[in-house]
Amino acid sequence: MLIGLLTAVVASICYGTGSVLQAVGSRKSARREAAAGLTTQYGGPSLSSTAKAAMTWEFIVGTVLDFVGFGLGALAARMLPLFLSQTVISANLVVTAVLSVRMLGIRLTRAEWTSIGVVCSALVLLATAAGAEGSGHTPIATHWWLLAVSLLLMVGGTVVVRLLGARAAILAGLLSGLGFGALGVGVRVLNGVDPFDPGALLTDPALYAVLVAGVGGMYLHTVALQIGSVNGATAALVVGETVLPGMIGVLWLGDASRPGFAWLAVVGFVLAVAGAVAVAWFGEPEGGPSPAVAHEPGELARIG
């Protein structure tokens with residue numbers, strides 16, 4: 001349990017740092033493309049804008065940290081109940097909030113510090129209440145369903161987000177969170193990992209669900225950062241990557257709390273999700289136009 005918790009915490013730090021760096025790179029690229037008039041007819045970023053965002057040094061370093069976080073998060077998902085591992089990883093918002101002070105010019109408010117305290121306290125409650133993780137053994141048909149749902153969410157969601165354009169930041173954040181949640185579920189049920197069996201691993205549909213959900217979630221997260229508030233999109237991401245996977249872990253994968261501590265696990269989970277959403281929501285008050293279309297010189301100087 002302790003090793004799993006430490007693994008999840010380090011994954012959270014990697015994700016939080018990576019998110020801030022990706023936000024810096026994405027916003028730089030989006031503003032340059034918007035200034036050049038290279039947005040889609042719906043007001044969203046063009047494919048060129050998204051590709052150029054991925055080529056900034058900030059985004060590249062952030063992506064490397066995301067890959068490290070992914071590996072550690074996948075390990076944590078196999079060592080802890082999903083309601084604990086996914087929630088600890090979602091607490092990367094605390095890291096994001098603190099780093100945003102320096103890198104995005106954001107000032108932490110009293111509400112945000114309170115929310116950070118709620119998240120930290122809730123994680124202590126969750127860690128205290130968490131029992132053993134479930135086995136993760138499920139029928140192969142479940143793995144096919146996971147792949148089908150991942151494809152529907154990521155491919156269908158991408159089409160809808162592009163049609164909605166600048167109005168789709170929250171939806172893109174939610175879909176990216178659901179993608180990361182599906183990734184966590186896929187890692188838990190993956191065959192051929194322990195003991196290692198390359199044949200079973202490569203023929204397991206859950207492996208391809210992990211790839212689809214991971215790549216799709218990353219793309220939609222990038223789009224969400226470009227077209228709307230970092231906080232609003234990230235708050236939706238937190239809900240998507242914690243609530244549904246946590247429920248799936250308890251209802252179908254055998255995750256459980258310690259005997260007599262179920263109520264504490266529920267309280268900790270609810271407080272952690274609510275606190276994380278609050279950190280995202282209150283951390284960056286934005287009342288102006290979306291980052292995809294705003295390009296005031298002062299803002300460029302602040303994040304440049």
Side-chain angles (χ1 to χ4, degrees), residues 2 4-24 27 58 62 65-66 68-69 72-73 76 80-130 169-170 173-174 176-177 180-181 184 221 224-225 228-243 245-246 264-287 291 302-303:
L2 180 59
L5 276 173
L6 291 175
T7 301
V9 168
V10 176
S12 182
I13 293 172
C14 289
Y15 276 132
T17 306
S19 290
V20 174
L21 290 173
Q22 287 170 336
V24 173
R27 288 182 168 207
E58 296 96 340
L65 287 173
D66 273 347
V68 175
L72 294 174
L80 299 170
L82 284 177
F83 66 80
L84 179 57
S85 64
Q86 293 298 108
T87 307
V88 171
I89 291 172
S90 74
N92 66 73
L93 288 175
V94 173
V95 179
T96 300
V98 174
L99 290 179
S100 291
V101 173
R102 173 64 178 172
M103 301 187 70
L104 294 177
I106 297 168
R107 181 175 299 175
L108 297 182
T109 64
R110 180 177 298 179
E112 185 175 12
W113 280 117
T114 301
S115 301
I116 289 173
V118 169
V119 171
C120 294
S121 300
L123 292 179
V124 172
L125 296 181
L126 270 177
T128 301
I170 301 298
L174 178 62
S176 66
F180 295 140
H221 187 210
L225 291 176
S229 164
V230 173
N231 293 337
T234 306
L237 184 149
V238 167
V239 173
E241 77 172 338
T242 54
V243 176
L264 189 63
V266 172
V267 170
F269 182 78
V270 171
L271 286 177
V273 174
V277 170
V279 169
W281 193 259
F282 293 120
E284 181 191 2
E286 294 187 40
R302 187 178 70 242
I303 69 170

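One is the number of the first residue; the rest follow in order along the sequence. If you're wondering where the values come from, they're calculated on a predicted model, not measured in any experiment.
Among residues two or more places apart in sequence or in another chain, the side-chain hydrogen bond (donor to acceptor under 3.5 Å, both in side chains) test is passed with Asp66 by Gln22. Legend: residues meeting side chain to side chain contact (heavy atoms under 4.5 Å, CB included) with Thr7, ordered by chain and number and at least two apart, are Ile3, Leu72, Leu75, Ala76. Taking the side chain to side chain contact (heavy atoms under 4.5 Å, CB included) definition, one finds that Ala274 meets it with nothing, sequence neighbours left out.
In this structure, the separation between CD on Glu241 and CG on Asn92 is 6.5 Å, given to the nearest 0.5 Å.
Summarising the geometry of Gly73 relative to Ile89, their closest heavy-atom pair is CA-CD1, 3.6 Å, with the distance given to 0.1 Å. In terms of heavy atoms, Phe180 sits closest to Leu237 at CE1-CD1, 3.8 Å. Contact record, Gln86 with Pro245: CG-CB, 4.1 Å, taken as the closest heavy-atom pair. Summarising the geometry of Ala91 relative to Ser12, their closest heavy-atom pair is C-OG, 3.3 Å, with the distance given to 0.1 Å. A pairwise comparison of heavy atoms in Val68 and Cys14 identifies CG1-SG, 3.8 Å as the closest pair. Leu84 approaches Ala130 most closely through the heavy-atom pair CD2-CB, 3.6 Å.
Phe269 pairs with exactly one of Val273, Val266, Leu271, Val267 by the side-chain contact (heavy atoms from CB on, under 4.5 Å) rule, that one being Val273.
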Kindly list each side-chain donor-acceptor pair under 3.5 angstrom involving residues 120-129, sequence neighbours excluded, with atom names and distances?
residue: Ser121; atom: OG; partner: Gly117; partner atom: O; Å: 2.9
residue: Thr128; atom: OG1; partner: Val124; partner atom: O; Å: 2.8

